[in-house]
Amino acid sequence: MIDLITDPLVQRMLLVSLMVGATAPIVGTYLVHRRMSLLGDGIGHVALAGVAAGWLAGSAADLAQVDALAIPGAIVFAVAGAVVIERMRARGVAAADVIMAIMFYGGIASGVLLISAAGGSNANLMGYLFGSISTASWTDVWVTVGLAGVILVIGLGLRASLFAVTHDQEFAHSTGLPVAALNMAVAILAAITVTAAMRVVGVLLVSGLMILPVAIAQLITRSFTRTMTIAMVTGVVLCLAGVGITLFYNLQPGALIVVLGVIVYTVVASGAGLRKRRRRLRDEAGHAGHDESHREHQHPTLGAPA
């Protein structure tokens with residue numbers, strides 16, 4: 001076990017998993033409360049087009065590592081896509097579901113076309129679609145750490161203002177908060193989260209890592225701050241557990257992390273349902289006993305022997 005932990009590859013995998021697991025639920029908390037849980041999916045598909053564009057640029061520049069510009073391309077495209085989505089949503093140009101659909105299909109179609117133009121194949125996109133944490137270099141690690149730092153600083157540093165905008169935009173506007181800028185900040189944070197998590201779970205599963213820990217936390221608490229805290233802890237546990245299991249079994253880490261999240265959500269939801277049912281039965285029993293006692297008090301001779 002010591003030899004495994006001291007292996008540089010394992011260290012890179014665990015460090016990236018820790019950063020992504022802690023930061024993805026921060027943005028997910030804002031998206032869930034804004035009822036925009038699928039925003040990560042839309043941005044992820046746009047990021048895929050950015051990956052292919054970076055690949056094309058690297059091929060055109062005849063770089064030794066043809067995918068050297070893939071992550072920078074993903075960042076540029078994801079942020080640009082987030083800005084477009086937010087501006088369209090704010091102006092009411094189209095319904096949110098229509099915008100998401102356009103991003104879904106346009107992003108993945110563009111990615112396939114661009115990677116083909118670069119002389120690659122669809123197989124080259126698989127690592128970005130479903131994650132390829134085992135191929136992460138130290139450069140990827142430090143890029144992820146930098147992106148995670150941005151998410152932590154903005155997502156936690158502006159939590160009060162972002163919560164106000166998320167909870168009630170009209171009230172936030174009346175208090176003088178820059179609502180439009182804060183809404184844009186959430187969208188850009190989502191784009192940064194997608195690119196940071198790309199190595200771990202891939203663009204197709206990144207929404208699961210952003211949303212599932214939040215959904216689990218909401219079953220435990222109703223407080224916004226506690227939800228975010230529990231979601232961050234849950235995200236870290238899921239990522240480390242998923243990566244840890246794949247060190248011993250030949251499984252795909254990104255898919256395993258999401259499946260573990262679904263299992264945990266199902267177990268916690270079942271437990272919450274049982275607790276609610278027991279509480280309701282106790283309340284009903286208590287009300288029945290109170291009503292019986294009240295009737296006996298009103299009719300003391302009721303049931304007395306003749």
Give the table of side-chain donor-acceptor pairs shorter than 3.5 Å for residues 235-255, with sequence neighbours excluded, one pair per line with atom names and distance.
| unit_1 | atom_1 | unit_2 | atom_2 | d |
| --- | --- | --- | --- | --- |
| Thr246 | OG1 | Gly242 | O | 3.4 |
| Thr246 | OG1 | Val243 | O | 2.7 |
| Gln252 | OE1 | Gly254 | N | 2.9 |
| Gln252 | OE1 | Ala255 | N | 2.8 |
| Gln252 | NE2 | Phe130 | O | 2.7 |
| Gln252 | NE2 | Gly131 | O | 3.1 |

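- Here the side chains of Ile71 and Thr195 are not in contact, with every heavy-atom distance at 4.5 Å or above.
- Between Glu86 and Val186, every side-chain heavy-atom pair lies at or beyond the 4.5 Å cut-off.
- To the nearest 0.5 Å, atom CD1 of residue Ile211 and atom CG of residue Leu31 are 5.5 Å apart.
- Open room surrounds CH2 on Trp142; 12 or fewer heavy atoms of other groups in view lie less than 6.0 Å from it.
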**Prompt:** For Ile230 and Ile216, what are the C-alpha separation, side-chain angles and deciding distance, and is it a side chain to side chain contact (heavy atoms under 4.5 Å, CB included)?
**Reply:** CA-CA 8 Å; Ile230 294 174; Ile216 294 168; 5.7 Å; no
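- The line from CD1 of Ile85 to CE of Met184 is 10.5 Å long, rounded to the nearest 0.5 Å.
- When all heavy atoms of Ala82 and Ala191 are compared, the closest pair comes out as CB-CB, 3.9 Å.
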Only distances under 3.5 Å count here; give the side-chain donor-acceptor pairs of residues 156-167 to other protein atoms, sequence neighbours excluded, each with its distance to 0.1 Å.
| unit_1 | atom_1 | unit_2 | atom_2 | d |
| --- | --- | --- | --- | --- |
| Thr166 | OG1 | Leu162 | O | 2.7 |

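- The two residues Thr29 and Met228 have their closest heavy-atom pair at OG1-CA, 3.8 Å.
- There is no path of hydrophobic side-chain contacts, each under 4.5 Å, that joins Val259 to Val268.
- Nearest heavy-atom pair across Ala190 and Ile43 is CB-CD1, 3.8 Å.
- Here CD of Gln11 is found 9.5 Å from CG of Leu9. Values are rounded to the nearest 0.5 Å.
- Remark: the backbone N or O of Leu219 is not paired with any side-chain donor or acceptor of Tyr265 at under 3.5 angstrom.
- Looking at every heavy atom in both residues, Ala231 comes nearest to Pro25 through O-CG, 3.4 Å.
- Summarising the geometry, atom CD1 belonging to Ile154 is positioned 6.0 Å from atom CD1 belonging to Ile192; distances are rounded to the nearest 0.5 Å.
- Looking only at side-chain heavy atoms (C-beta outward), Met198 and Val206 stay at 4.5 Å or farther from each other.
- In this structure, Tyr30 and Phe224 have tilted ring planes: the angle between them lies in the 30° to 60° band.
- Leu209 and Val145 end up in the same hydrophobic cluster when Ile, Leu, Val, Met, Phe, Trp and Tyr side chains are linked at under 4.5 Å.
- Looking only at side-chain heavy atoms (C-beta outward), Trp55 and Leu114 stay at 4.5 Å or farther from each other.
- Closest approach of Val46 and Gly81 over heavy atoms only: CG1-CA, 4.2 Å.
- Put simply, Leu256 and Val262 are part of the same group of oily side chains (I, L, V, M, F, W, Y) that touch within less than 4.5 Å, one to the next.
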Quiz: residues 12-24 side-chain donor-acceptor pairs under 3.5 angstrom, not counting sequence neighbours:
| unit_1 | atom_1 | unit_2 | atom_2 | d |
| --- | --- | --- | --- | --- |
| Arg12 | NE | Ala136 | O | 2.8 |
| Ser17 | OG | Met13 | O | 2.7 |
| Thr23 | OG1 | Met19 | O | 2.8 |

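- Leu152 and Met232 get closest at one heavy-atom pair: CD2-CE, 4.3 Å.
- Linking ILVMFWY side-chain heavy atoms closer than 4.5 Å, directly or via other members, places Trp138 and Leu147 in a single hydrophobic cluster.
- Side-chain heavy atoms closer than 4.5 Å link hydrophobic residues (I, L, V, M, F, W, Y) into clusters, and following such links, even through other members, never connects Val233 to Ile220.
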